[in-house]
Amino acid sequence: MGLFKYDYDKEGQGVGKDAAMDPGFIRFFKVIWNKFGQLVILNLIYIFACAPIVTIGPATAALTYVLRNMSQSKPVFFISDFVEKCKTCFKQAFLVTVVDVIAAVAIYFSFMFWSDPSIGVPSFFRPFALVVTLIVGYLVVCMNFYIFPMLVSFDLSLKNLIKNSLILAMYKIWHNLAMVLFVLAIVVICFLLGLLSFPIIITLVFSVVCLFNNFLVYPLLVKYVATPSEPEEKVEEEKVFNDERRIK
């Protein structure tokens with residue numbers, strides 16, 4: 001047998017279906033390292049696509065779709081897929097943005113109203129109303145962690161997108177907190193850097209935040225939102241999420 005001779009017709013060991021994958025945070029940094037140039041281009045395309053304002057929702061959906069595929073090591077043509085997803089998700093993503101704006105305006109005016117000491121309500125009630133308003137605002141922010149990954153991954157109506165994202169925002173407290181802390185850390189870094197943060201914002205911030213969010217929430221969506229393959233009795237407790245959807 002020659003030293004360098006090898007039988008290329010012989011089957012190899014392959015990769016076992018139970019082969020261990022790297023933890024999510026390691027894969028997150030691997031994607032940044034391996035796809036750094038693509039992340040920069042995506043960030044620039046996203047900012048450009050958001051410029052007309054009304055396209056912020058569709059552009060966010062497109063960015064989410066491309067980075068979801070990257071986070072799951074799925075094949076992706078990042079520019080053409082971005083453009084295509086902008087088109088196919090335009091209506092639903094635009095409506096999600098409209099709902100977001102309405103919610104943000106309502107929360108803002110509610111906070112301003114309850115902050116006014118001149119309103120004719122008992123003084124003990126105002127702090128309670130302000131706390132409730134802040135909780136609602138926090139839930140709306142957390143819902144956005146789930147709603148766009150859900151929008152680009154499953155065939156769901158707007159009603160079910162909102163319902164499922166609200167349920168996840170209420171129950172997945174630690175995932176929400178991790179995402180909030182990650183965003184706050186980036187905001188603090190950019191604040192400390194001042195004007196030096198401008199190139200980072202232009203080239204990386206949006207794509208990195210969206211990538212982190214996909215690593216964090218997409219496994220939850222597959223577990224709780226995708227149509228289960230297990231027997232019915234094993235998923236009885238998750239029926240609230242089951243309304244005939246499929247993964248895109």
Side-chain angles (χ1 to χ4, degrees), residues 28 31-32 35-72 74 76-108 137-154 156 158 161-162 165 169 176 179-180 182-191 193-218 221 248:
F28 169 70
V31 171
I32 293 178
K35 306 287 187 180
F36 185 85
Q38 294 183 19
L39 292 175
V40 170
I41 295 173
L42 279 170
N43 204 83
L44 294 171
I45 293 174
Y46 176 72
I47 293 173
F48 178 78
C50 288
I53 306 299
V54 295
T55 56
I56 290 177
T60 302
L63 183 69
T64 301
Y65 175 77
V66 173
L67 293 177
R68 184 209 70 181
N69 286 350
M70 283 189 183
S71 73
Q72 301 303 307
K74 295 180 180 179
V76 59
F77 300 96
F78 67 100
I79 295 179
S80 59
D81 284 354
F82 185 98
V83 174
E84 181 64 24
K85 212 63 180 178
C86 264
K87 296 176 182 178
T88 57
C89 292
F90 189 94
K91 179 180 178 180
Q92 203 169 32
F94 175 75
L95 291 176
V96 167
T97 308
V98 171
V99 172
D100 266 340
V101 171
I102 293 173
V105 171
I107 291 167
Y108 171 77
Y138 175 76
L139 286 175
V140 170
V141 170
C142 292
M143 286 172 65
N144 280 274
F145 300 155
Y146 303 97
I147 197 164
F148 281 102
M150 208 182 306
L151 187 155
V152 301
S153 301
F154 307 100
L156 293 171
L158 180 62
L161 283 172
I162 294 173
S165 61
N176 301 339
M179 191 63 207
V180 169
F182 183 79
V183 173
L184 285 177
I186 290 181
V187 170
V188 170
I189 291 171
C190 290
F191 177 78
L193 290 175
L195 292 177
L196 293 176
S197 67
F198 184 73
I200 301 174
I201 295 171
I202 294 297
T203 58
L204 275 179
V205 165
F206 298 107
S207 58
V208 169
V209 168
C210 188
L211 179 66
F212 183 85
N213 187 63
N214 274 286
F215 269 105
L216 197 64
V217 308
Y218 185 68
L221 300 184
K248 294 180 182 177

> Could you measure the distance from the CG atom of L44 to the CZ atom of F206? Nearest 0.5 Å is fine.
11.0 Å
> Using 0.5 Å steps for rounding, measure from the OH atom of Y65 to the CG atom of L151.
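Nearest 0.5 Å value for the OH-CG distance: 12.5 Å.
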> For F182, give me all partners under ring pair (Phe, Tyr, Trp, His ring centres under 6.0 Å), at least two apart in sequence or on another chain.
F212
> Can you tell me how far the CE atom of M150 sits from the CG atom of L156, to the nearest 0.5 Å?
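These two atoms lie 7.0 Å from each other.
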> With sequence neighbours left out, write down each residue that passes side-chain hydrogen bond (donor to acceptor under 3.5 Å, both in side chains) with T60, or none if nothing qualifies.
Y46
> How about Y108: does its OH atom have over 12 heavy atoms from other parts shown lying under 6.0 Å from it?
no
> Go through it in stages, so that I can follow the logic: the residues are V99 and M143, the test is side-chain contact (heavy atoms from CB on, under 4.5 Å), and I'd like the CA-CA distance, side-chain angles, deciding distance and then a yes or no.
CA-CA 12 Å; V99 172; M143 286 172 65; over 6 Å; no
> Just one of V83, L67, V66, L39 clears the side chain to side chain contact (heavy atoms under 4.5 Å, CB included) bar with F78, so which one?
V66
> Which distance, rounded to the nearest 0.5 Å, do you find between the CD1 of I147 and the CG of D100?
7.0 Å
> Nearest 0.5 Å please: distance from the CD1 atom of I47 over to the CD1 atom of I201.
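The CD1 atom of I47 sits 8.5 Å away from the CD1 atom of I201.
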> Would you say F94 has more than 12 foreign heavy atoms packed within less than 6.0 Å of its CZ?
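No, the 6.0 Å shell around CZ holds no more than 12 heavy atoms from other groups.
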> Test your reading of the model: is there a side-chain donor-acceptor pair from S197 to the backbone of G194, 3.5 Å cut-off?
yes
> Quick check: do V180 and F145 have side-chain heavy atoms less than 4.5 Å from each other?
yes
> Is any side-chain heavy atom of N213 less than 4.5 Å from a side-chain heavy atom of P149?
yes
> Does N176 reach the side chain of Y138, with side-chain heavy atoms less than 4.5 Å apart?
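They are in side-chain contact.
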> Return the OG to CZ distance between S153 and R68, rounded to the nearest 0.5 Å.
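That separation rounds to 4.0 Å.
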> For T97 and A93, indicate whether the former's side chain and the latter's backbone hold a donor-acceptor pair under 3.5 Å.
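Indeed, once roles are kept as given, a pair shorter than 3.5 Å links the two residues.
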> Are the side chain of S71 and the backbone N or O of L211 linked by a donor-acceptor pair below 3.5 Å?
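Checking the backbone N and O of L211 against the side chain of S71, no donor-acceptor pair under 3.5 Å is found.
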> Between C86 and F90, is the side-chain contact (heavy atoms from CB on, under 4.5 Å) condition met? List the steps.
CA-CA 6 Å; C86 264; F90 189 94; 6.0 Å; no
> Show the nearest heavy-atom pair for residues F148 and V96, with the distance to one decimal.
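Heavy-atom minimum between the residues: CZ-CG1, 3.8 Å.
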> L161 vs Y146, test: side-chain contact (heavy atoms from CB on, under 4.5 Å). Steps then yes/no.
CA-CA 9 Å; L161 283 172; Y146 303 97; over 6 Å; no
> Scan side-chain atoms only and decide if N69 and D81 contain a donor-acceptor pair under the 3.5 Å cut-off.
no
> Considering all heavy atoms of both residues, which atom of L195 and which atom of P199 are nearest to each other, and what is their separation?
O-CD, 3.9 Å
> Check I162 against S165 and note the closest heavy-atom contact, atom names and distance.
O-OG, 3.0 Å
> Are V209 and M179 packed together at the side-chain level, in the sense that at least one heavy-atom pair is separated by less than 4.5 angstrom?
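Yes, close enough: below the 4.5 Å cut-off.
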> Is the shortest side-chain heavy-atom distance between T64 and Y218 below 4.5 Å?
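The answer is no, as the side chains (C-beta and beyond) never meet within the 4.5 Å cut-off.
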